[in-house]
2 protein chains.
Amino acid sequence: MIMEPRLYTTSADYVYQELRHRIITKQLKPGQRLPEVNIAVQMGVSRTPVREALRRLASEGLVLIIPNSGARLASPTRREMEDTYAVREQLECISVAIAATRISERNLRRLEDAILEEEKAFEEKNLELYLEVNENFHRIIADASGNRVLAEFVENILARTNAYVVFYDPFYDIVDNPSIAQHKAIAQALKERDREKAVDLMREHLKLSLYDLNKPS
Amino acid sequence: MIMEPRLYTTSADYVYQELRHRIITKQLKPGQRLPEVNIAVQMGVSRTPVREALRRLASEGLVLIIPNSGARLASPTRREMEDTYAVREQLECISVAIAATRISERNLRRLEDAILEEEKAFEEKNLELYLEVNENFHRIIADASGNRVLAEFVENILARTNAYVVFYDPFYDIVDNPSIAQHKAIAQALKERDREKAVDLMREHLKLSLYDLNKPS
DNA sequence: ACATGAATACATGCATGCTATCACATATCT
DNA sequence: AGATATGTGATAGCATGCATGTATTCATGT
(Lines give C-alpha, C1' and ligand atoms only; values in the text may rest on other atoms or scores of the structure.)
Protein backbone atom coordinates (compact mmCIF):
# COMPACT_ATOMS: atom_id res chain seq x y z
CA MET A 1 0.00 0.00 0.00
CA ILE A 2 1.53 3.30 -1.11
CA MET A 3 1.01 6.25 1.13
CA GLU A 4 0.08 9.36 -0.83
CA PRO A 5 2.54 12.15 -0.17
CA ARG A 6 1.37 14.53 2.54
CA LEU A 7 -2.32 13.80 2.36
CA TYR A 8 -2.31 12.99 6.05
CA THR A 9 -0.66 14.89 8.84
CA THR A 10 0.59 11.75 10.57
CA SER A 11 0.99 8.07 9.81
CA ALA A 12 -1.40 7.25 12.64
CA ASP A 13 -4.04 9.37 10.96
CA TYR A 14 -3.37 7.66 7.65
CA VAL A 15 -3.82 4.23 9.22
CA TYR A 16 -6.99 5.39 10.94
CA GLN A 17 -8.51 6.68 7.69
CA GLU A 18 -7.41 3.62 5.79
CA LEU A 19 -8.90 1.26 8.36
CA ARG A 20 -12.19 3.15 8.25
CA HIS A 21 -12.08 2.93 4.46
CA ARG A 22 -11.61 -0.81 4.65
CA ILE A 23 -14.48 -1.13 7.09
CA ILE A 24 -16.83 0.89 4.89
CA THR A 25 -15.82 -1.04 1.78
CA LYS A 26 -16.34 -4.35 3.57
CA GLN A 27 -12.73 -5.41 3.22
CA LEU A 28 -12.86 -6.05 6.94
CA LYS A 29 -15.55 -8.13 8.56
CA PRO A 30 -17.17 -7.73 11.99
CA GLY A 31 -15.36 -9.72 14.65
CA GLN A 32 -12.25 -10.12 12.54
CA ARG A 33 -8.94 -10.03 14.37
CA LEU A 34 -6.72 -7.03 13.68
CA PRO A 35 -3.14 -7.92 14.64
CA GLU A 36 -0.87 -4.91 14.78
CA VAL A 37 2.00 -6.36 12.75
CA ASN A 38 -0.37 -7.53 10.10
CA ILE A 39 -1.84 -4.10 9.51
CA ALA A 40 1.54 -2.42 9.89
CA VAL A 41 3.08 -4.52 7.11
CA GLN A 42 0.08 -4.08 4.83
CA MET A 43 0.16 -0.31 5.19
CA GLY A 44 3.91 0.07 5.13
CA VAL A 45 4.28 1.60 8.56
CA SER A 46 5.48 0.38 11.93
CA ARG A 47 3.30 -0.95 14.73
CA THR A 48 3.32 2.32 16.65
CA PRO A 49 0.95 4.36 14.46
CA VAL A 50 -1.20 1.25 14.03
CA ARG A 51 -1.65 0.97 17.77
CA GLU A 52 -2.71 4.58 17.92
CA ALA A 53 -5.24 4.18 15.13
CA LEU A 54 -6.70 1.06 16.72
CA ARG A 55 -7.17 2.80 20.02
CA ARG A 56 -8.86 5.70 18.33
CA LEU A 57 -11.24 3.31 16.62
CA ALA A 58 -11.82 1.64 19.98
CA SER A 59 -12.94 4.97 21.44
CA GLU A 60 -15.51 5.07 18.66
CA GLY A 61 -16.69 1.60 19.52
CA LEU A 62 -15.61 0.20 16.17
CA VAL A 63 -12.79 -1.89 17.55
CA LEU A 64 -12.65 -4.00 20.66
CA ILE A 65 -9.29 -4.11 22.41
CA ILE A 66 -8.54 -6.83 24.94
CA PRO A 67 -5.42 -6.06 26.98
CA ASN A 68 -2.51 -8.33 26.21
CA SER A 69 -4.62 -10.16 23.72
CA GLY A 70 -5.34 -7.93 20.77
CA ALA A 71 -7.80 -5.94 18.75
CA ARG A 72 -10.72 -7.13 16.71
CA LEU A 73 -13.33 -5.37 14.67
CA ALA A 74 -16.54 -4.87 16.63
CA SER A 75 -19.46 -7.12 15.90
CA PRO A 76 -22.32 -5.18 17.44
CA THR A 77 -25.51 -6.97 18.31
CA ARG A 78 -28.86 -5.66 17.19
CA ARG A 79 -29.36 -4.52 20.75
CA GLU A 80 -26.16 -2.47 20.72
CA MET A 81 -27.24 -0.96 17.46
CA GLU A 82 -30.57 0.11 18.87
CA ASP A 83 -28.85 1.46 21.95
CA THR A 84 -26.54 3.49 19.77
CA TYR A 85 -29.45 4.97 17.87
CA ALA A 86 -31.19 5.85 21.12
CA VAL A 87 -28.15 7.94 22.07
CA ARG A 88 -27.89 9.36 18.59
CA GLU A 89 -31.50 10.49 18.71
CA GLN A 90 -30.93 12.35 21.96
CA LEU A 91 -27.82 14.08 20.71
CA GLU A 92 -29.04 14.96 17.26
CA CYS A 93 -32.44 16.19 18.40
CA ILE A 94 -30.95 18.65 20.85
CA SER A 95 -28.43 19.51 18.18
CA VAL A 96 -31.02 20.40 15.56
CA ALA A 97 -33.17 22.19 18.15
CA ILE A 98 -30.35 24.56 19.03
CA ALA A 99 -29.32 24.90 15.40
CA ALA A 100 -32.87 25.98 14.50
CA THR A 101 -32.51 29.06 16.67
CA ARG A 102 -29.07 30.14 15.63
CA ILE A 103 -27.92 28.59 12.36
CA SER A 104 -25.99 31.02 10.17
CA GLU A 105 -26.65 31.76 6.52
CA ARG A 106 -23.31 30.23 5.73
CA ASN A 107 -24.20 26.96 7.38
CA LEU A 108 -27.57 26.92 5.65
CA ARG A 109 -25.68 27.14 2.37
CA ARG A 110 -23.31 24.38 3.47
CA LEU A 111 -26.35 22.23 4.20
CA GLU A 112 -27.71 22.82 0.72
CA ASP A 113 -24.34 22.00 -0.80
CA ALA A 114 -24.20 18.80 1.20
CA ILE A 115 -27.59 17.78 -0.11
CA LEU A 116 -26.45 18.45 -3.68
CA GLU A 117 -23.45 16.22 -3.10
CA GLU A 118 -25.69 13.54 -1.67
CA GLU A 119 -27.72 13.59 -4.83
CA LYS A 120 -24.58 13.30 -6.90
CA ALA A 121 -23.34 10.29 -4.91
CA PHE A 122 -26.84 8.86 -5.15
CA GLU A 123 -26.80 9.06 -8.94
CA GLU A 124 -23.34 7.57 -9.11
CA LYS A 125 -24.42 4.82 -6.71
CA ASN A 126 -21.20 5.41 -4.81
CA LEU A 127 -21.96 4.03 -1.35
CA GLU A 128 -18.77 5.15 0.32
CA LEU A 129 -19.11 8.70 -0.96
CA TYR A 130 -22.79 8.69 -0.10
CA LEU A 131 -22.11 7.69 3.49
CA GLU A 132 -19.48 10.38 3.72
CA VAL A 133 -21.66 13.24 2.54
CA ASN A 134 -24.62 11.92 4.50
CA GLU A 135 -22.42 12.07 7.58
CA ASN A 136 -21.47 15.57 6.55
CA PHE A 137 -25.08 16.74 6.59
CA HIS A 138 -25.44 15.72 10.21
CA ARG A 139 -22.02 17.12 11.06
CA ILE A 140 -22.97 20.55 9.75
CA ILE A 141 -26.08 20.63 11.92
CA ALA A 142 -24.14 19.61 15.01
CA ASP A 143 -21.63 22.29 14.13
CA ALA A 144 -24.38 24.87 13.70
CA SER A 145 -25.53 24.23 17.26
CA GLY A 146 -22.43 26.13 18.31
CA ASN A 147 -21.89 23.56 21.06
CA ARG A 148 -18.43 22.14 20.49
CA VAL A 149 -18.79 19.31 22.97
CA LEU A 150 -22.08 18.28 21.45
CA ALA A 151 -20.51 18.33 17.99
CA GLU A 152 -17.67 16.16 19.26
CA PHE A 153 -20.09 13.58 20.64
CA VAL A 154 -22.15 13.60 17.46
CA GLU A 155 -18.96 13.05 15.49
CA ASN A 156 -18.22 9.98 17.56
CA ILE A 157 -21.66 8.51 17.16
CA LEU A 158 -21.73 9.18 13.42
CA ALA A 159 -18.59 7.08 13.10
CA ARG A 160 -20.35 4.22 14.85
CA THR A 161 -23.62 4.29 12.98
CA ASN A 162 -22.03 4.63 9.57
CA ALA A 163 -20.14 1.43 10.21
CA TYR A 164 -23.33 -0.29 11.35
CA VAL A 165 -24.92 0.44 8.02
CA VAL A 166 -22.14 -1.52 6.38
CA PHE A 167 -22.12 -4.30 8.97
CA TYR A 168 -25.79 -5.05 8.95
CA ASP A 169 -27.23 -3.88 5.71
CA PRO A 170 -25.14 -5.76 3.19
CA PHE A 171 -27.58 -5.15 0.40
CA TYR A 172 -28.28 -1.60 1.45
CA ASP A 173 -30.25 -0.26 -1.43
CA ILE A 174 -29.12 3.25 -2.10
CA VAL A 175 -31.84 3.56 -4.74
CA ASP A 176 -34.71 3.30 -2.32
CA ASN A 177 -33.17 5.41 0.38
CA PRO A 178 -35.49 8.28 1.28
CA SER A 179 -32.85 10.05 3.36
CA ILE A 180 -32.23 12.81 0.87
CA ALA A 181 -35.87 13.90 0.85
CA GLN A 182 -35.81 13.88 4.64
CA HIS A 183 -32.61 15.90 4.67
CA LYS A 184 -34.21 18.46 2.39
CA ALA A 185 -37.18 18.75 4.73
CA ILE A 186 -34.89 19.22 7.74
CA ALA A 187 -32.86 21.85 5.93
CA GLN A 188 -36.07 23.66 5.01
CA ALA A 189 -37.30 23.60 8.62
CA LEU A 190 -33.96 25.04 9.73
CA LYS A 191 -34.21 27.75 7.12
CA GLU A 192 -37.65 28.64 8.46
CA ARG A 193 -36.24 28.56 11.99
CA ASP A 194 -38.99 26.11 12.89
CA ARG A 195 -37.57 24.37 15.89
CA GLU A 196 -40.43 21.97 16.56
CA LYS A 197 -40.65 20.84 12.98
CA ALA A 198 -36.90 20.39 12.66
CA VAL A 199 -36.77 18.21 15.78
CA ASP A 200 -39.74 16.09 14.73
CA LEU A 201 -38.31 15.57 11.28
CA MET A 202 -34.91 14.61 12.66
CA ARG A 203 -36.45 12.15 15.10
CA GLU A 204 -38.48 10.60 12.33
CA HIS A 205 -35.44 10.48 10.07
CA LEU A 206 -33.37 8.59 12.64
CA LYS A 207 -36.20 6.24 13.53
CA LEU A 208 -36.52 5.33 9.87
CA SER A 209 -32.77 4.83 9.53
CA LEU A 210 -32.86 2.37 12.38
CA TYR A 211 -35.87 0.69 10.83
CA ASP A 212 -33.92 0.32 7.60
CA LEU A 213 -31.18 -1.43 9.51
CA ASN A 214 -33.64 -3.75 11.23
CA LYS A 215 -35.58 -4.79 8.21
CA PRO A 216 -34.51 -8.10 6.70
CA SER A 217 -32.43 -7.60 3.60
CA MET B 1 7.20 7.70 41.80
CA ILE B 2 6.87 4.06 42.76
CA MET B 3 4.38 2.00 40.85
CA GLU B 4 2.38 -0.27 43.14
CA PRO B 5 2.76 -3.88 42.11
CA ARG B 6 -0.09 -5.08 39.90
CA LEU B 7 -2.60 -2.44 40.80
CA TYR B 8 -2.85 -1.53 37.14
CA THR B 9 -3.06 -3.84 34.18
CA THR B 10 -0.75 -1.74 32.03
CA SER B 11 1.70 1.11 32.44
CA ALA B 12 -0.45 3.23 30.15
CA ASP B 13 -3.36 2.74 32.49
CA TYR B 14 -1.20 3.60 35.46
CA VAL B 15 -0.08 6.85 33.82
CA TYR B 16 -3.67 7.66 32.91
CA GLN B 17 -4.90 7.17 36.48
CA GLU B 18 -1.97 9.05 37.90
CA LEU B 19 -2.49 12.01 35.58
CA ARG B 20 -6.16 12.14 36.52
CA HIS B 21 -5.14 12.03 40.16
CA ARG B 22 -2.81 14.95 39.64
CA ILE B 23 -5.51 16.91 37.87
CA ILE B 24 -8.03 16.32 40.66
CA THR B 25 -5.52 17.21 43.34
CA LYS B 26 -4.57 20.38 41.50
CA GLN B 27 -0.96 19.33 41.00
CA LEU B 28 -1.54 20.20 37.36
CA LYS B 29 -2.99 23.50 36.25
CA PRO B 30 -5.27 24.23 33.30
CA GLY B 31 -3.32 25.10 30.16
CA GLN B 32 -0.10 23.68 31.52
CA ARG B 33 2.17 21.96 29.03
CA LEU B 34 2.53 18.21 29.41
CA PRO B 35 5.75 17.13 27.65
CA GLU B 36 5.97 13.39 27.21
CA VAL B 37 9.55 12.97 28.47
CA ASN B 38 8.81 15.05 31.49
CA ILE B 39 5.92 12.87 32.60
CA ALA B 40 7.72 9.69 31.59
CA VAL B 41 10.69 10.47 33.83
CA GLN B 42 8.49 11.53 36.73
CA MET B 43 6.49 8.32 36.60
CA GLY B 44 9.38 6.01 35.85
CA VAL B 45 8.10 4.75 32.52
CA SER B 46 8.99 5.38 28.90
CA ARG B 47 7.28 7.83 26.56
CA THR B 48 5.15 5.17 24.89
CA PRO B 49 2.62 4.58 27.68
CA VAL B 50 2.60 8.31 28.38
CA ARG B 51 1.56 9.03 24.81
CA GLU B 52 -1.27 6.54 25.13
CA ALA B 53 -2.52 8.04 28.37
CA LEU B 54 -2.39 11.54 26.94
CA ARG B 55 -4.42 10.54 23.92
CA ARG B 56 -6.98 8.89 26.11
CA LEU B 57 -7.30 12.04 28.15
CA ALA B 58 -7.61 13.98 24.91
CA SER B 59 -10.61 11.85 23.93
CA GLU B 60 -12.17 12.97 27.20
CA GLY B 61 -11.47 16.59 26.40
CA LEU B 62 -9.13 16.99 29.35
CA VAL B 63 -6.01 17.34 27.26
CA LEU B 64 -5.43 19.25 24.07
CA ILE B 65 -2.99 17.68 21.64
CA ILE B 66 -1.49 19.70 18.82
CA PRO B 67 0.22 17.47 16.23
CA ASN B 68 3.98 17.83 16.16
CA SER B 69 3.79 20.34 18.91
CA GLY B 70 2.62 18.74 22.11
CA ALA B 71 -0.01 18.22 24.73
CA ARG B 72 -1.36 20.60 27.31
CA LEU B 73 -3.96 20.36 29.97
CA ALA B 74 -7.28 21.76 28.79
CA SER B 75 -8.33 25.19 29.99
CA PRO B 76 -12.02 25.16 29.25
CA THR B 77 -13.88 28.42 28.98
CA ARG B 78 -17.07 29.02 30.87
CA ARG B 79 -18.87 28.56 27.59
CA GLU B 80 -17.34 25.12 27.04
CA MET B 81 -18.31 24.19 30.55
CA GLU B 82 -21.92 25.17 29.96
CA ASP B 83 -21.90 23.31 26.67
CA THR B 84 -20.62 20.22 28.42
CA TYR B 85 -23.38 20.41 30.99
CA ALA B 86 -25.97 20.78 28.26
CA VAL B 87 -24.82 17.48 26.80
CA ARG B 88 -24.59 15.91 30.22
CA GLU B 89 -28.17 16.89 30.96
CA GLN B 90 -29.41 15.22 27.79
CA LEU B 91 -27.52 12.02 28.45
CA GLU B 92 -28.23 11.71 32.13
CA CYS B 93 -31.91 12.56 31.84
CA ILE B 94 -32.53 9.85 29.28
CA SER B 95 -30.35 7.62 31.38
CA VAL B 96 -32.37 8.07 34.55
CA ALA B 97 -35.65 7.86 32.61
CA ILE B 98 -34.80 4.41 31.30
CA ALA B 99 -33.34 3.35 34.64
CA ALA B 100 -36.62 4.26 36.36
CA THR B 101 -38.45 1.63 34.34
CA ARG B 102 -35.98 -1.19 34.70
CA ILE B 103 -33.49 -0.69 37.53
CA SER B 104 -32.74 -3.92 39.41
CA GLU B 105 -32.88 -4.40 43.15
CA ARG B 106 -29.15 -4.97 43.11
CA ASN B 107 -28.50 -1.61 41.46
CA LEU B 108 -30.85 0.11 43.89
CA ARG B 109 -28.72 -1.28 46.69
CA ARG B 110 -25.56 -0.18 44.93
CA LEU B 111 -27.04 3.33 44.74
CA GLU B 112 -27.73 3.35 48.45
CA ASP B 113 -24.21 2.13 49.16
CA ALA B 114 -22.82 4.88 46.96
CA ILE B 115 -24.77 7.47 48.93
CA LEU B 116 -23.42 6.08 52.19
CA GLU B 117 -19.91 6.39 50.86
CA GLU B 118 -20.62 9.93 49.76
CA GLU B 119 -21.63 10.78 53.29
CA LYS B 120 -18.47 9.23 54.61
CA ALA B 121 -16.28 11.22 52.20
CA PHE B 122 -18.34 14.27 53.09
CA GLU B 123 -17.61 13.87 56.80
CA GLU B 124 -13.95 13.27 56.13
CA LYS B 125 -13.91 16.31 53.84
CA ASN B 126 -11.95 14.21 51.34
CA LEU B 127 -12.60 16.00 48.06
CA GLU B 128 -10.92 13.45 45.81
CA LEU B 129 -12.83 10.56 47.34
CA TYR B 130 -16.03 12.57 47.29
CA LEU B 131 -15.70 13.29 43.58
CA GLU B 132 -15.04 9.63 42.96
CA VAL B 133 -18.09 8.29 44.77
CA ASN B 134 -20.23 11.10 43.42
CA GLU B 135 -19.17 10.02 39.96
CA ASN B 136 -20.04 6.49 40.97
CA PHE B 137 -23.62 7.42 41.78
CA HIS B 138 -24.15 8.72 38.27
CA ARG B 139 -22.28 5.78 36.78
CA ILE B 140 -24.60 3.30 38.47
CA ILE B 141 -27.66 5.02 37.04
CA ALA B 142 -26.20 5.03 33.54
CA ASP B 143 -25.38 1.39 34.03
CA ALA B 144 -28.90 0.65 35.20
CA SER B 145 -30.28 2.02 31.95
CA GLY B 146 -28.97 -1.17 30.39
CA ASN B 147 -27.77 0.90 27.43
CA ARG B 148 -24.03 0.22 27.14
CA VAL B 149 -23.39 2.95 24.61
CA LEU B 150 -25.19 5.47 26.76
CA ALA B 151 -23.18 4.37 29.79
CA GLU B 152 -19.99 4.79 27.80
CA PHE B 153 -20.89 8.35 26.80
CA VAL B 154 -21.89 9.22 30.36
CA GLU B 155 -18.55 7.86 31.55
CA ASN B 156 -16.77 10.18 29.17
CA ILE B 157 -18.72 13.23 30.22
CA LEU B 158 -18.33 12.47 33.91
CA ALA B 159 -14.57 12.54 33.42
CA ARG B 160 -14.88 16.01 31.91
CA THR B 161 -17.19 17.57 34.45
CA ASN B 162 -15.32 16.22 37.45
CA ALA B 163 -12.21 17.94 36.22
CA TYR B 164 -14.16 21.17 35.70
CA VAL B 165 -15.12 21.19 39.36
CA VAL B 166 -11.44 21.26 40.22
CA PHE B 167 -10.51 23.76 37.51
CA TYR B 168 -13.12 26.34 38.30
CA ASP B 169 -14.21 25.93 41.86
CA PRO B 170 -10.98 26.21 43.78
CA PHE B 171 -12.74 26.94 47.03
CA TYR B 172 -15.47 24.42 46.39
CA ASP B 173 -17.22 24.09 49.69
CA ILE B 174 -17.93 20.46 50.27
CA VAL B 175 -19.73 21.39 53.50
CA ASP B 176 -22.51 23.32 51.84
CA ASN B 177 -22.94 20.93 48.95
CA PRO B 178 -26.55 19.80 48.72
CA SER B 179 -25.73 17.02 46.23
CA ILE B 180 -26.16 14.19 48.68
CA ALA B 181 -29.71 15.19 49.53
CA GLN B 182 -30.48 15.41 45.83
CA HIS B 183 -28.93 12.03 45.23
CA LYS B 184 -31.11 10.57 47.96
CA ALA B 185 -34.20 12.04 46.34
CA ILE B 186 -33.23 10.63 42.94
CA ALA B 187 -32.58 7.20 44.44
CA GLN B 188 -35.97 7.34 46.14
CA ALA B 189 -37.72 8.26 42.89
CA LEU B 190 -35.99 5.34 41.17
CA LYS B 191 -37.08 3.02 43.96
CA GLU B 192 -40.65 4.18 43.44
CA ARG B 193 -40.21 3.72 39.70
CA ASP B 194 -41.38 7.31 39.26
CA ARG B 195 -39.95 8.22 35.91
CA GLU B 196 -41.15 11.82 35.72
CA LYS B 197 -39.95 12.65 39.18
CA ALA B 198 -36.56 11.03 38.65
CA VAL B 199 -35.97 12.99 35.46
CA ASP B 200 -37.06 16.30 36.98
CA LEU B 201 -34.86 15.75 40.00
CA MET B 202 -31.87 14.85 37.86
CA ARG B 203 -32.34 17.89 35.66
CA GLU B 204 -32.58 20.10 38.71
CA HIS B 205 -29.54 18.44 40.24
CA LEU B 206 -27.40 19.09 37.18
CA LYS B 207 -28.66 22.66 36.79
CA LEU B 208 -27.65 23.35 40.36
CA SER B 209 -24.24 21.75 39.84
CA LEU B 210 -23.62 24.06 36.94
CA TYR B 211 -24.85 27.00 39.01
CA ASP B 212 -22.39 26.07 41.72
CA LEU B 213 -19.62 26.22 39.17
CA ASN B 214 -20.78 29.60 37.93
CA LYS B 215 -21.16 31.32 41.25
CA PRO B 216 -18.21 33.46 42.30
CA SER B 217 -16.11 31.79 44.94
C1' DA C 1 13.18 49.98 15.73
C1' DC C 2 11.24 46.58 13.11
C1' DA C 3 11.01 42.87 9.94
C1' DT C 4 13.13 38.96 7.97
C1' DG C 5 15.68 34.82 7.99
C1' DA C 6 18.90 31.39 9.63
C1' DA C 7 20.42 28.53 13.28
C1' DT C 8 19.53 25.98 17.26
C1' DA C 9 17.11 23.74 20.90
C1' DC C 10 13.41 21.05 21.96
C1' DA C 11 9.35 17.99 21.49
C1' DT C 12 6.88 14.87 19.00
C1' DG C 13 6.46 11.02 15.27
C1' DC C 14 8.01 6.74 14.04
C1' DA C 15 10.75 2.38 13.76
C1' DT C 16 12.60 -1.43 16.00
C1' DG C 17 14.24 -4.74 19.41
C1' DC C 18 13.36 -6.78 23.72
C1' DT C 19 10.24 -8.44 27.36
C1' DA C 20 6.00 -9.88 29.60
C1' DT C 21 1.79 -12.01 29.10
C1' DC C 22 -1.73 -14.86 27.20
C1' DA C 23 -3.66 -18.84 24.65
C1' DC C 24 -3.27 -23.23 23.35
C1' DA C 25 -1.36 -27.70 23.05
C1' DT C 26 0.94 -31.39 25.14
C1' DA C 27 2.30 -34.05 28.92
C1' DT C 28 1.77 -35.79 33.56
C1' DC C 29 -0.58 -37.19 37.60
C1' DT C 30 -4.59 -38.84 40.23
C1' DA D 1 -10.84 -39.92 31.69
C1' DG D 2 -10.46 -35.78 33.82
C1' DA D 3 -7.93 -32.35 35.84
C1' DT D 4 -3.80 -30.07 36.54
C1' DA D 5 0.77 -28.72 35.32
C1' DT D 6 4.11 -27.40 31.90
C1' DG D 7 6.02 -25.84 27.65
C1' DT D 8 5.81 -23.37 23.33
C1' DG D 9 4.29 -20.01 19.98
C1' DA D 10 2.35 -15.75 19.08
C1' DT D 11 1.03 -11.08 20.21
C1' DA D 12 0.75 -7.05 22.77
C1' DG D 13 3.45 -3.87 26.00
C1' DC D 14 7.25 -1.17 26.61
C1' DA D 15 11.91 1.10 26.04
C1' DT D 16 14.86 3.53 23.20
C1' DG D 17 17.22 5.69 19.22
C1' DC D 18 16.71 8.23 15.20
C1' DA D 19 14.06 11.37 12.02
C1' DT D 20 11.13 15.15 11.49
C1' DG D 21 8.73 19.09 12.55
C1' DT D 22 8.01 23.32 15.46
C1' DA D 23 9.18 27.23 18.23
C1' DT D 24 12.45 30.37 19.84
C1' DT D 25 16.38 33.11 19.62
C1' DC D 26 19.57 35.83 17.66
C1' DA D 27 21.81 37.90 13.89
C1' DT D 28 21.36 40.60 9.77
C1' DG D 29 19.56 44.05 6.83
C1' DT D 30 16.41 47.79 5.75
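Not measured: the values here are computed from a predicted model. In what follows, every chain begins at residue 1, and chains take the letters A, B, ... in the order their sequences are listed.
In the set dG13(C), dT12(C), dA15(D), dA15(D) carries the atom at the smallest distance from any side-chain atom of Thr48(B). Side-chain proximity of Arg51(B) to the nucleotides dT12(C), dG13(D), dA15(C) is greatest for dT12(C). Counting only heavy atoms from C-beta on, Ser46(B) has its side chain closest to dT16(D) among dT11(D), dC18(C), dT16(D). Side chain of Pro49(B), nearest nucleotide from dA15(C), dA11(C), dA15(D): dA15(D).
Rounded to whole Å, the distance from CD1 on Ile66(A) to P on dA23(C) is 8 Å. If you take CE of Met43(B) and P of dC14(D), they are 14 Å apart, rounded to a whole angstrom. As rounded to whole Å, 15 Å separates atom C1' of dC14(D) from atom CG of Asp13(B). Remark: C1' of dC10(C) and CZ of Arg33(B) are 9 Å apart, rounded to the nearest angstrom. We find that CD of Glu36(B) is positioned 13 Å from C1' of dT16(D), with the value rounded to whole Å. Straight-line distance from the CD1 atom of Ile39(B) to the P atom of dA11(C): 12 Å, rounded to whole Å. The CG atom of Asn38(A) sits 14 Å away from the C1' atom of dA12(D) (whole-angstrom rounding). Arg47(A) places its CZ atom 10 Å from the C1' atom of dG17(C), with the value rounded to the nearest Å.
Interatomic distance, Arg106(B) CZ to Ile140(B) CD1, rounded to the nearest 0.5 Å: 9.5 Å.
Looking at Asn38(B), its side chain never comes within 3.5 Å of a backbone N or O of Arg33(B) through a donor-acceptor pair.
Projected onto DNA chain C by closest heavy-atom contact, Ala71(B) and Pro67(A) fall at different nucleotides, the more 5' of which corresponds to Ala71(B).
Ionic pairing of Glu135(A) and Arg139(A) is present here: one or more N-O contacts between side-chain nitrogen and carboxylate oxygen are shorter than 4.0 angstrom. Salt-bridge check for Arg110(B) with Asp143(B): passed, with a basic side-chain N closer than 4.0 Å to an acidic carboxylate O.
At a threshold of 4.0 angstrom between heavy atoms, the contacts of Ala12(B) are confined to the sugar-phosphate backbone, with no base atom among them. Among the atoms of the strands shown, only primed sugar atoms or phosphate atoms (P, OP1, OP2) are found under 4.0 Å from some heavy atom of Ser69(B). Arg55(A) comes within 4.0 angstrom of sugar-phosphate atoms only, judged by non-hydrogen atoms across all strands, and of no base.
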Inset, instruction - Dump the intermediate steps for ring-ring contact (aromatic ring centres under 6.0 Å, His included) on Phe122(A) and Tyr130(A), then the final yes or no. - result: CA-CA 6 Å; Phe122(A) 176 89; Tyr130(A) 178 76; 7.1 Å; no
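Applying the 4.0 Å criterion to OP1 and OP2 of dC14(D), one finds that Ser11(B) has a side-chain N or O inside that range.
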